[in-house]
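Reminder, nothing fancy here: chain letters follow the sequence lines and each chain counts from 1.
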Amino acid sequence: MKLYDVKLLSVTCEILAQKNVIEILGKHQVSGYTVWEAEGNGDKGIRGKGLQNEKNVKIEVILPQNKLQDVTEEIARTLFSDYAIVLYVSDVKVLRPEKFD
Amino acid sequence: MKLYDVKLLSVTCEILAQKNVIEILGKHQVSGYTVWEAEGNGDKGIRGKGLQNEKNVKIEVILPQNKLQDVTEEIARTLFSDYAIVLYVSDVKVLRPEKFD
Amino acid sequence: MKLYDVKLLSVTCEILAQKNVIEILGKHQVSGYTVWEAEGNGDKGIRGKGLQNEKNVKIEVILPQNKLQDVTEEIARTLFSDYAIVLYVSDVKVLRPEKFD
Amino acid sequence: MDILGLIQDNILTPIVLFFILGIVAARIKSDLKIPEAISEFLPIYLLAAIGLHGGIEMRKTGFESMMIPMLVAIVLSLLMTLNHYQILRRLGKFNVFDSYALASTYGAVGAVTFSVGLSFLKNQGIESEGYIAAILAVLEPLAFILAIFMTNMVVSKQMLAKKQAFAKNAEIENDGLGMLEIDSSKTKLFQVLRESITGKAVVILIGSIIIGYTIGKEGFAPIKLLFEDLFVGAIVIFLIEMGIIAGHRLDDVKKVGVFLIGFSLAIPTLNGIIGVFVATYLGLSVGGTVMFGLLLASASFIAAPAVLRTAIPQAKPSLYITSALGITFPYNIIILLPVMLTISTIIHDWPATDLFGYWSHDL
Amino acid sequence: MDILGLIQDNILTPIVLFFILGIVAARIKSDLKIPEAISEFLPIYLLAAIGLHGGIEMRKTGFESMMIPMLVAIVLSLLMTLNHYQILRRLGKFNVFDSYALASTYGAVGAVTFSVGLSFLKNQGIESEGYIAAILAVLEPLAFILAIFMTNMVVSKQMLAKKQAFAKNAEIENDGLGMLEIDSSKTKLFQVLRESITGKAVVILIGSIIIGYTIGKEGFAPIKLLFEDLFVGAIVIFLIEMGIIAGHRLDDVKKVGVFLIGFSLAIPTLNGIIGVFVATYLGLSVGGTVMFGLLLASASFIAAPAVLRTAIPQAKPSLYITSALGITFPYNIIILLPVMLTISTIIHDWPATDLFGYWSHDL
Amino acid sequence: MDILGLIQDNILTPIVLFFILGIVAARIKSDLKIPEAISEFLPIYLLAAIGLHGGIEMRKTGFESMMIPMLVAIVLSLLMTLNHYQILRRLGKFNVFDSYALASTYGAVGAVTFSVGLSFLKNQGIESEGYIAAILAVLEPLAFILAIFMTNMVVSKQMLAKKQAFAKNAEIENDGLGMLEIDSSKTKLFQVLRESITGKAVVILIGSIIIGYTIGKEGFAPIKLLFEDLFVGAIVIFLIEMGIIAGHRLDDVKKVGVFLIGFSLAIPTLNGIIGVFVATYLGLSVGGTVMFGLLLASASFIAAPAVLRTAIPQAKPSLYITSALGITFPYNIIILLPVMLTISTIIHDWPATDLFGYWSHDL
Ligand SMILES: Nc1ncnc2c1ncn2[C@@H]1O[C@H](COP(=O)(O)O)[C@@H](O)[C@H]1O
Ligand SMILES: Nc1ncnc2c1ncn2[C@@H]1O[C@H](COP(=O)(O)O)[C@@H](O)[C@H]1O
Ligand SMILES: Nc1ncnc2c1ncn2[C@@H]1O[C@H](COP(=O)(O)O)[C@@H](O)[C@H]1O
Ligand code: NA
Ligand code: NA
Ligand code: NA
């Protein structure tokens, strides 16, 4: 079976910014994502030990190359300054590329 | 220390398909995997907000190149049509490649 | 927006080794990481079904190429023999490479 | 009290009101939610409480009196499952898989519905036979087993047919393949059977019945506070969450279609009332009769997805979960319970000969 | 009993002692922790219990008596929020965002503080007016709404100013952009308003009040064990966790600065005592007066982060969470509660004319 | 009542029966499971309840009477740990690490076993000295500290030896390295010591004892329902999960070998009976004597993995968890408890002089 190149965007951010990230995805017609809770440490200090709203989530999005740029740009512009957030991009292969267009 | 190339297979699927995926791994002599619960959105709609059995899991499998093809093929063939499921493959490096043979 | 190359180190290990991993990160001036609980199977058998302390965690660390070698070396040397543990490395891209130096 | 009064009375209990609060919360998109660990624990707790209670009662009455009602319940449950299938497949035009999945969802029993029924009766000051918990335990996996068995028959037949057609056309010697798949289908059948019987609901329920039977009222005393006195409170908490989930499902109700909506209301009513009459005929008390009817009326929405997703993956869970939880469950606990109680009370007041006369006439 | 005696008495209750145990555990870096699912569930439980209790009481007294106190509480809460803002912005030199966030954190009410207050009074054998739960429900979203509204005004103004400056300089035709952002800011405002009102705390509280009102004392009986008798025990469990979190925050207290520490002690005291006097003037009972004062004195540390992170993301949560949970909460439940009770008892003993005279004098 | 009757009686209690149900569920591969959050919370709850109860009792009796029993328990616990080590290392041929880990697992105490012991006595209507909870708190970290200390000594010696051998052969100047590792080993020792003492079990237990002592019976009243009346019910829930985990471990029991199986049965019996005699000699009541024996008989399976994985990572957790939870725990709560009660009752009936005579003879 042939595998096709797509991008994987991984966003780790405070749980209260999850809504914002998913909204941005929606604006760019990316509806698929996977998300789970996590703890972590970073510039904004240790997160996840106290109140529920101070946890992190990790959001993974498979998306085509051509949407990646816009989505990351908007996340960076609107969320980087105010929220605990980290983002990285990697290359992955999928079987059904049309599912992620 | 030298790092060796292997493959990482990531499967995100509904929790009730987890058993099937692990069974398929076992059939191909892949016994190692890591799994955790997640929520998500995709073609089958938002998952993870309601009943426990309607959640997703994410399953990660490090495996050698030569098993990848068969495993993904069987997952695609037996599970893609009936379950909420997404799968991607990426290149990773490990220290002890013999552990994943 | 330009994306910069960094490394992603993923460690899956028993929950009681988490402290050791994070200590090693600290020793090498890597303060950022993300961690969540997981279950799994490997050479040390199925983990995560019984007592809380017998679960796994997955730890993800974005770090610069030049620290990767030392960190993985120390994890391998001090933890591989006594703990249930698996480690892999992958290439990812980030927007703010200085955040992970 | 007339039916309407009884229904109104029933709506104004904490259980129903908190259920409605959950629905409202979901509809106004509130973030109200009972943490997963709690809502996963509560069904186990409820089943343990039901089982203990049932076991303790059975210790008083013995096993013999339960044999006939249990056998009748088994037969009725199987007949009803088959009947559901026919209705869904022929009148509803659902495909084989959805038809069997839905048929068994409604042939199976709902443990949560059962809990609510018990506290509905408690609230009315009415007792019921303890052994009905044992019937619950036996019925729980039954309809699934039947449905899975039937589905496997269908699938096997289809595969055999395909194989034969294929073999005829191509005359190639992969004979083994078809048999292999039938074999794997059999293996799967046994696996699902195993899982149905060792499912947590069945295990905790049967286990608790045996424990209740063993320890009796006296041994129960140190844990009565947890397993009896807190029972209604626990249901209230659980029904908040069920309300929330049902509320989210209301959007999907439109999608399941008018036929299934009708089915989700008519079938419980029919099955429940049949149950009430049969149980009365068998000599059960007013309360026991209502619980017997409720067993047949209820649909399963916790056990169903777990079993059916594995057994009949081709069936759409949105159909059976939505109708069972979004329509039938609220209908059962709000409307049908008082209706069945009213009917049960009325026919229990008939002189025995009349009832008998009615039945012999009817059959 | 004198104030010091009352404070000492209060410290030696399980609630306060387990809270202190939590703090100690955090300070010695123990791994003690109440699992998340439990500590997420407990506020919902506490609010349901508060609401049911309040609703049942209101059924006895009716709505009328609550109108004036509620209106007064609303007005006071808004005035206080604005007052906090002025103090923080002018004297404290905080930026606009932090000032509004802190102002509303202290203008809002703390449901956990409220629970502790109720059981403090229970412990003293003092009753309070049931309708104060309803005031809690109304005040919960109020200060946030005001703060968000004000912040949005400021942000819109800033953006308008920017746009005009930009337009003047460059004379380019991107007129729409500024309006667009103001529009999006309005959308966000409405969204946050919606979320405040449908927030889980408000929904479960108002829902439970209505349910309590509907079912009354009799309908409450089957769930009294869970929702009344276990209330204090549940608070104890929850306060272990709150102690742990507060204990971890103590390191941050140094970082918030002397001004904010002073603010976190002075403002609750001031607001609380104002509340006590006003409520006494309005004719509330000794207990009701204390609860009224506590509403105004308390700061929100569970609802606040959830609402403010979305509404005013520019504000630093470390400021408002640390001061509300790390300073004000312990102060309120250990010191201020007994202080307010003492004051309330004293001024309730004054002859009515005197009190009136005092007030007319004072104003 | 004879021993067999007492054992049978004990088996037929809800606690033991639900434990067995858990084992059965695991053996038939049921998916029955108590959600993690609940089974993580219950030990904290149980320890708080034990501590409060103990503290309240100690308030009545004072500290003095507890000094001698506590000292004796400490000495016995240390001696037993060393004794276990010798048996395991010499007779069992286990390596140093496994020997120390197992020795301390059995030298340490099991809080869950203790809870079951308390409710076993309650069920028999027998009281026990409140200060035994304090002994539990002191013993909890003790055996670990000893084992860790000894292991570190061994490791340091090994490393020193290695270093010297290395230095002799190669005459190179990396002298510092060995010392550095010994230093890091010392740091680790202190770290583990710290963690043992600030571990959640110790903190919540000592904290609750102090709180119980402070508030007394009267202050306890508002939380008695949660922390006393629900105690047995909570154990039942917890033992379902312990049964499930023990059941899963049964497969591993075969792997630990006959020697360790024998050890896991003989050592608790020996230690427990020694404890019963010593405590009787010290003048403890029948119930206190059983609890004292149980402390020495019990093995730790919740605290052990957490401490030992960090302190002696070279030891195989499958050995110490499996034997402590899979063999010793069921044996202790089902068989040994009634045995110890019988012995305690018998020797308490001996005239004091006889007992003294017996002992002076024996020693
Ligand atoms: N170097 C890193 N590697 C992996 N995750 C990180 C790293 N830095 C930060 N994070 C995650 O991103 C969250 C927010 O980071 P920050 O904004 O730096 O506080 C942290 O709480 C971590 O979960
Ligand atoms: N584009 C995507 N990126 C990341 N995860 C996805 C994506 N699409 C689907 N998923 C995950 O896969 C699950 C099943 O997808 P689906 O079969 O499309 O409903 C979803 O619930 C998500 O958790
Ligand atoms: N091939 C694999 N792919 C993904 N995760 C693995 C694999 N092997 C082991 N793991 C994870 O690493 C943990 C420890 O592995 P081990 O030391 O082999 O027992 C397991 O419990 C799994 O969670
Ligand atoms: Na049914
Ligand atoms: Na306030
Ligand atoms: Na011991």
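A:E14 has no carboxylate O lying under 4.0 Å from a charged side-chain N of A:K55, or vice versa, which leaves the two without a salt bridge. Ion pair A:K19/A:E23 not flagged as a salt bridge, since none of the NZ, NE, NH1 or NH2 atoms sits closer than 4.0 Å to an Asp/Glu carboxylate oxygen. Classification of A:K27 and A:E74 as a salt-bridged pair holds, one side-chain N sitting under 4.0 Å from a carboxylate O.
In this structure, OG1 in A:T72 is found 9.0 Å from NE2 in A:H28, a value given to the nearest 0.5 Å.
Of the listed residues (A:K93, A:K99, A:R96), the greatest number of heavy-atom pairs within a distance under 4.5 Å of chain B belongs to A:R96. Interface summary for chain A: among B:N56, B:D91, B:I85, the most heavy-atom pairs under 4.5 angstrom belong to B:I85. Heavy-atom pairs under 4.5 Å with chain B were tallied for A:T34, A:V35, A:V94; the largest tally goes to A:V35. The candidate from B:L8, B:T12, B:N41, B:D43 with the greatest count of non-hydrogen atom pairs under 4.5 Å with chain A is B:N41.
Only the side chain of A:E60 comes within contact range of chain B, judged by heavy atoms closer than 4.5 Å. When heavy atoms are compared at a cutoff of 4.5 Å, B:Q69 approaches chain A solely by way of its side chain, counted from C-beta outward.
Within the 3.5 Å criterion, the main-chain N or O of A:G40 finds no donor-acceptor partner in the side chain of A:R47.
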